[in-house]
Amino acid sequence: MISLDDALQFIRSETRPLSVERVATMESVGRIVAKPVAAARTQPPFAASAMDGYAVRAQDLDGDGSELLVRGESAAGHASERLLQAGECQRISTGAPLPDGSDQIVIQENAKRQGDRLTTTDTPHPGRHIRRAGIDFTAGDTLLSPGNRITPRSLSLIVSAGVDTVDVYRRPQTGLLSTGDELVEPGASTRPDQIVNSLGPGLGALIRHWGGEPDYLGIARDDPGQVRSRLAAASGLDLLVTIGGASVGDHDHLRRVFADMGGELVFEKIAIKPGKPTWFGRLGGTHVLGLPGNPVSAMVMARLCLKPLMDGLLGQSADLPFLTARLSADLPANGPRENMIRAGLEARTGEIQPVSNQDSSALSALVVANALIRRPANAPAASAGDAVEYLPLDDM
Ligand SMILES: Nc1nc2c(c(=O)[nH]1)N[C@H]1C(S)=C(S)[C@@H](COP(=O)(O)OP(=O)(O)OC[C@H]3O[C@@H](n4cnc5c(N)ncnc54)[C@H](O)[C@@H]3O)O[C@H]1N2
Ligand code: MOO
């Protein structure tokens, strides 16, 4: 058995970023940037008013009731053609281009207008209420860098910059294979001795959420021939995730068939709870990650191993973002396996506490939890108030 850290080291050394493809900006949310994204235009493209009011020449203001002649208007989308002359001002709206000759905005609250006469007691402050051209970015500026995930926020940014396409890493094509005679697909009628294949949809959603393209390969029954044909169907994919059949039972054929087909094992068994039977290898050019069938074990190990594996394929850091919090309850000494305790982190107090049900089949407890407390192998008992490492579960 190896440690989680060693398993992650193997995963890192086995994975390389996938090839790069060009996608339309409008379709790019969730993708990982592979090449720097540069602005195709400057924003704002012109000096613009930040307020509704009047564009003036600062030198025309004396702070003592200056009187100006209102001539012309600059509205958003309708730039004024007029050059502002001495003693003149122009009506201007927020976001409208500054007329040539003006260098200050008087907001309308600070002015009194009668016909084409404007009086204001504003003092001269060149640049007041003006957005210079390019205060957001200038054409050619790098807006997004390799490794950045395109979010709704960054989509708005690159659309404003006139970027039509983005070079991103190809999505990992990820096969997903359930195994077991007891499994029934969601929605089908079930006998009392059957179990709904809940991990198929759950892991499929995680694969999509983490930037992959899931390819569901169905349920392989506990039959070596069927397991073989499903493994063969994964050839050509970047990654195959198998569920169940990872342990040592008489009906756990997966690992034997994988070896018969020439699969090369990188590691088997991690000294961790839950998730000990997790294994990792390669079949042809396809990475294979074997997750245990117990639902909590599978979900936890997906977070701990599948996410870093996919991150590696997507040119991302494969590190797990552990944080620190204070315990609000005592913990007993830990055994020889590192323990990932399902826990609730109270955001208000920053305190963390295990949820009551730690069974590796209890999805209800995983859903109540929002974090995993990491207890090192053989850790001594811990007391309320002690600092512990935890992993937030907010991205799953
Ligand atoms: N003698 C030993 N027995 C077990 C060991 C061991 O070391 N020695 N390890 C235990 C641990 S730890 C785990 S975790 C489980 C993992 O077993 P498998 O990966 O072989 O999983 P299965 O036996 O196929 O299933 C276990 C459990 O999970 C349910 N399951 C399976 N697939 C799904 C699915 N797609 N959706 C929902 N539920 C699923 C299955 O019905 C079983 O209840 O082994 C221990 N045994
Ligand atoms: O991890 Mo098994 O993963 O302890 O139920």
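Whatever order the structure lists them in is the order used to number ligands and atoms, beginning at 1.
Electrostatic pairing of Arg191 and Asp193 counts as a salt bridge here, judged by a charged N lying under 4.0 Å from a carboxylate O. Between Lys273 and Glu338 there is no salt bridge, since no side-chain N of the basic residue sits under 4.0 Å from a carboxylate O of the acidic one.
Annotation: atom 23 (O) of ligand 1 to nearest protein heavy atom, Asp252 OD1, 4.2 Å. In this structure, atom 8 (N) of ligand 1 lies nearest to the protein heavy atom Val248 CG2, 3.8 Å. Closest to atom 15 (C) of ligand 1, if we only count protein heavy atoms, is Asn294 ND2, 3.7 Å. Distance from atom 4 (O) of ligand 2 to its nearest protein heavy atom, with residue and atom name: Arg337 NH1, 3.5 Å. For atom 25 (O) of ligand 1, the closest non-hydrogen atom on the protein side is Gly293 CA, 3.8 Å. Among all protein heavy atoms, the one lying closest to atom 1 (O) of ligand 2 is Gly275 N, 2.4 Å. Annotation: atom 17 (O) of ligand 1 to nearest protein heavy atom, Ser247 CB, 3.4 Å. Atom 2 (Mo) of ligand 2 has as its closest protein heavy atom Ser297 OG, 3.6 Å.
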From CA spacing to verdict: salt bridge (Lys or Arg N to Asp or Glu O under 4.0 Å), Arg170, Glu21: CA-CA 6 Å; Arg170 196 163 61 67; Glu21 63 184 8; 5.9 Å; no

task: Walk me through it: do Arg256 and Asp260 pass the test salt bridge (Lys or Arg N to Asp or Glu O under 4.0 Å)?
output: CA-CA 6 Å; Arg256 271 190 297 273; Asp260 288 350; over 6 Å; no

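Between the side chains of Gln173 and Asp238, no donor-acceptor pair is found at a separation under 3.5 Å. Between the side chains of Ser28 and Thr25, no donor-acceptor pair is found at a separation under 3.5 Å. Between the side chains of Ser361 and Asn294, no donor-acceptor pair is found at a separation under 3.5 Å. Side-chain N/O atoms of Asp5 and Ser3 include no donor and acceptor closer than 3.5 Å. When only modelled atom types and interatomic distance are considered, Ser74 and Gln90 share no side-chain donor-acceptor pair under 3.5 Å.
With a 4.0 Å cut-off on non-hydrogen atoms, Met301 does not touch ligand 2 at all. Residue Pro292 touches ligand 1 through backbone and side chain together, judged by heavy-atom distances below 4.0 Å.
For the pair Gly245 and ligand 1, a heavy-atom separation below 4.0 Å is found. At least one heavy atom of Val196 lies less than 4.0 angstrom from ligand 1. Within the structure, the closest approach of Ser297 to ligand 1 falls below 4.0 Å when heavy atoms are considered.
Closest heavy-atom approach to atom 11 (C) of ligand 1 within the set Ser198, Pro277, Gly244, Pro201: this belongs to Pro277. Of the candidates Leu183, Leu176, Asp181, the one placing a heavy atom closest to atom 32 (N) of ligand 1 is Leu183. Which of Pro277, Pro292, Ser360, Ser361 comes nearest to atom 5 (O) of ligand 2 through a heavy atom is settled by distance: it is Ser360.
Looking at ligand 2, you won't find any N or O of Lys273 less than 3.5 Å from one of its N or O atoms. For ligand 1, the polar-atom distance check finds no N/O of Arg337 at less than 3.5 Å from any of the ligand's N/O atoms.
Near Lys276, meaning under 4.0 Å from any of its heavy atoms, are these atoms of ligand 2: 1 (O), 3 (O). The atoms of ligand 1 that sit less than 4.0 Å from any heavy atom of Ser178 are 35 (N). For ligand 1, the atoms lying closer than 4.0 Å to a non-hydrogen atom of Glu182 are 31 (C), 40 (C), 41 (O). The distance from ligand 1 to the heavy atoms of Asn197 drops below 4.0 Å at these ligand atoms: 34 (C), 35 (N), 36 (N). Residue Lys276 has at least one heavy-atom neighbour below 4.0 Å for each of these atoms of ligand 1: 6 (C), 7 (O). Proximity to Pro274 (heavy-atom distance under 4.0 Å) selects the following atoms of ligand 2: 1 (O), 3 (O), 4 (O).
For His125, the NE2 atom sits in a packed shell: over 12 heavy atoms of surrounding residues, nucleotides or ligands are nearer than 6.0 Å. Counting non-hydrogen atoms of other residues, nucleotides and ligands closer than 6.0 Å to CZ of Arg132 gives a total of 12 or fewer.
Under a hydrophobic-cluster definition in which Ile, Leu, Val, Met, Phe, Trp and Tyr are linked whenever side-chain heavy atoms come within less than 4.5 Å, directly or via other members, Leu391 and Leu4 are assigned to the same cluster.
At least one test fails for Arg374 against the ring of Tyr390: distance under 6.0 Å to the centre or angle within 45° of the axis.
Note that the CG atom of Leu309 and the OG1 atom of Thr15 stand 6.0 Å from one another [nearest 0.5 Å].
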